[in-house]
Structures are given as structure tokens and as C-alpha cells.
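All chains are named by letter (A, B, ...) in the order of the sequence lines, taking the proteins before the strands, and each is independently numbered beginning at 1.
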Amino acid sequence: MSEPYRYFLIFLGAMVVYNIVLIRFIALCPFFGVSNQVETSIGMAMSVLFVMTMATTVCWLAWNYILEPLHVGEFLYIPVFILIIATLVQFLEMVLKKVSPPLYRAMGIFLPLITTNCAVLAVATEAVKPGFLKLNVAYHFSLPEALIYTIGVAIGFGVIIVVFACIRERLETSPVPHMFRGAPIAFMTAALLSLAFMGFANLLDL
Amino acid sequence: MDDGTTLWDEFKKGVITENALLKLMVGLCSALAVSNRVENGVFMGVAATFVLVCSNVLISLIRKHIPDQIRIPIYIVIIASFVTIVDLVMKAYVPAVYERLGVWIPLIVVNCMILARAEGYASKNKVAYAAVDGLGIGVGYTLVLLVMGFVRELLGTGKILLFDRTIVSLGSFNPPLIFVMFPGAFLVFGLMIALLNRYETRKKQ
């Protein structure tokens, strides 16, 4: 299999076949929390893409150049990765505030939320630490592969959250039975979307 | 707490009135993902309860020594240490379950339910109350996982398998596989909240 083709498969697999929200149930809090309006959901999607890519890069470097050579990765990876992510988010917030105020205004409010967004830790762990299943195979990703996987996951999250926000804006004005108003109808909608995404199952064979 | 609430009240609060999943809707991700089988629910529930109780107790013990500005990183490190214990123990003793739960065990660190209890309760209350609060929230979480796991596994596969033994079987029944698949989780959880809403509006009238 040629390199670019493999990269393409990893990207597609991460984005739609194993979609992070609908197929794997990661990052449901921002999914239900900020999907009320299309505009905020776009801001959230952009911030997640940004933070996730940075986090995977730093965690990959930490794993391959610090934790693995010292043979401490197996029992230190959880605290190390979560601290890297928390510090990174703080740092990005300060840098953005200084360097690009418009970007900070667009992303600022989402950044603290992202620290506790399980998607960032999940993707960093899966893409970096060997032994976790990703795209139904467990092999060790190189840095470019890990980055392509991360970007695929983040775009998959972004597309779904924006689509869901569009649906929810329409739902606001629809006559929903009383007991289903609010959260329940959102879950029903997610179930239907998830059903649609099941159509991608077994699409590719990595 | 000095306002006369007993430990039993704290426990009930965690299980029923402030149920993390059904009422506060935190910690949803792991609940929806692992509730496809009763057995997964049992292990995930026990793991999360262990982390909740231990981190609540430790944070409550050292609450007067934690500087206010860096409290969140300290909580996260404490929680991460207990999650590491769970991670290594499960990998050693129940490797098959560990494989199935996969990334969800390290993800207990970022379960908002646990950090919310640390910040909102354990950092302000006495050790005994913090322990019972953690236990209550953990039991409430586990119960919802078990109910969801029971409904999904029974309808989706026609029987309940627990530790390689069939507990309940529906006999010759062609199971709708969708319940153990991904949409089933959203469907069953949505219906649970809808029924709860209905029950509460009925009670009010």
C-alpha cells in the first residue's frame, strides 16, 4: 500500500468510519452542550481542531523521547498526558490573547472547556500509546500518521457538531411531544444520525 | 456539614436526587459507550466508584493545605494517580475486560463527574461526608449503567451473559441488533430521560 493512500485511509477512517461522537461516544458533553447555535458550534470545532493537533504532537514527542526511553510510560502516561494537555491549553490561551485578539475572542471561551474534554486525552492516548485499538487495529503510529489521525478525528467532530446544531435550530420551532422536550429529543436525533453513520461500517479495510 | 444532614441523606442524594447521569447529565460519554453489556457496566461502575471515593477522601483530608490558585491541577494529579491504580490492576487481573473497555479506563481522569465532586464537594466537607458522597454518586452511576446494560443486552442479543454464564434468556427470539450497536445507546438513554420527565410532571400535577 502506498504511503499517501494509507494516509488517506487513516484520515477517512478517523473522520467518518469511526466517528468520534456518533460511533465512539467520546466528547458528548460539548456535543450536547454547545450545539444550540451554528455559530458557537463552528467556534468550538475550530478550537478542538487546534488544541487536539497541538496536544497529540506534544504527547507524541513526550512518549517517544522521554517516557519510552526511561521505561516509565506504562504507569505514568495518564498523569503526564493530562498535565501536558492542561498546561498546553493554558499556554495557548495566553499566547492567543497576546498575538491574535480576534482569534482569542472567537476561541477564548471554549479553551478552558477543552481541558476537560475527554476527546483530547482520548485521541492523544490512542494515537501515541501503543496497545490501544484505533481504527480497529493496534499498531504504533509514526508522527505524521498520528497527526493525520488526529486531524481526521477533529474534522469528524467538527462536521457532526455543526450538522447537529443545524438540526437543533430547526427543532426549536417544531412541535415536540411534551415529555421529549429538551434533552430526550436531542438524544433521539443523535440516535438517527448515528444510525446513518453505521452505514460507513466496514467501508475500509486497513 | 453542620446543618444536620445525616450520612444516609448524603448517600440518597447521590443515588437519586442528584444522580450524575439522569439529573445532572455529566459523565455521559463513558456511560453510553460501555453500557452495551451488563458485565462492562459492572466493571466500569466499580472502577469509577473506587476512583470517586478515594479521590474524595484524599482531597478532603488535605483540603486545608491546598493553595487555592493551583487546586485544579492538584485535583487532576490525585485523580490521575487513582486512575493509574485501576488501570494497572484491571490490566493484570481482568485483561479481557480491560481490552473491551479500552481507552475508557484512562478516560476516567477527565470524567467531569469526578472533578465536579472534588471541586464542588470534597474540597469543602469533612472526610466521612466526602467518602459517602463519592460512594453515593458512584452507586447512582453504576445503577444507571446496569439498567441501560440490561435493557440493551437483553433486547439486542436475547440473553444476558455475566462472567461467561447466561443469567437471563429470552429463548427463541430474533433480537434487534440495533440495541447493542451505537444508536441503541442514544435511544435507550433518551427514552430513560423522557420517562423520567413524564413521571416528574405526573407527580407535580
Requested in this report: Determine, using ring centers only, whether B:F186 and A:F25 are less than 6.0 Å apart.
Outcome: yes
Fill in: Minimum side-chain heavy-atom gap B:V86-B:Y98 below 4.5 Å
no
Which region of [X], side chain (C-beta onward) or backbone (N, CA, C, O), has a non-hydrogen atom less than 4.5 Å from a non-hydrogen atom of chain A, or is it both or neither?
| X | value |
| --- | --- |
| B:V77 | side chain |
| B:M181 | side chain |
| B:L191 | both |
| B:L88 | side chain |
| B:I178 | side chain |
| B:T201 | side chain |

| query | Take atom CZ in B:R71; do more than 12 heavy atoms of anything else shown fall under 6.0 Å from it? | reply | yes
Sorted by chain and residue number, the ring-ring contact (aromatic ring centres under 6.0 Å, His included) partners of B:F150 (sequence neighbours excluded) come out as none
The ring-ring contact (aromatic ring centres under 6.0 Å, His included) partners of B:F189 (sequence neighbours excluded) come to A:F187
Residues 18-74 of chain B vs ring-ring contact (aromatic ring centres under 6.0 Å, His included), sequence neighbours excluded, gives none
Among residues 133-143 of chain B, those lying within the under-4.5 Å heavy-atom range of chain A are none
Heavy atoms of B:I105 and B:M44 approach each other most closely as CD1-SD, 4.4 Å
Honestly, the part of A:I23 sitting under 4.5 Å from a heavy atom of chain B is both
* State whether a side-chain donor-acceptor pair under 3.5 Å links B:S35 with B:R152. => yes
Parallel, tilted or perpendicular: which describes the rings of A:Y149 and A:F141, with under 30° parallel and over 60° perpendicular? tilted
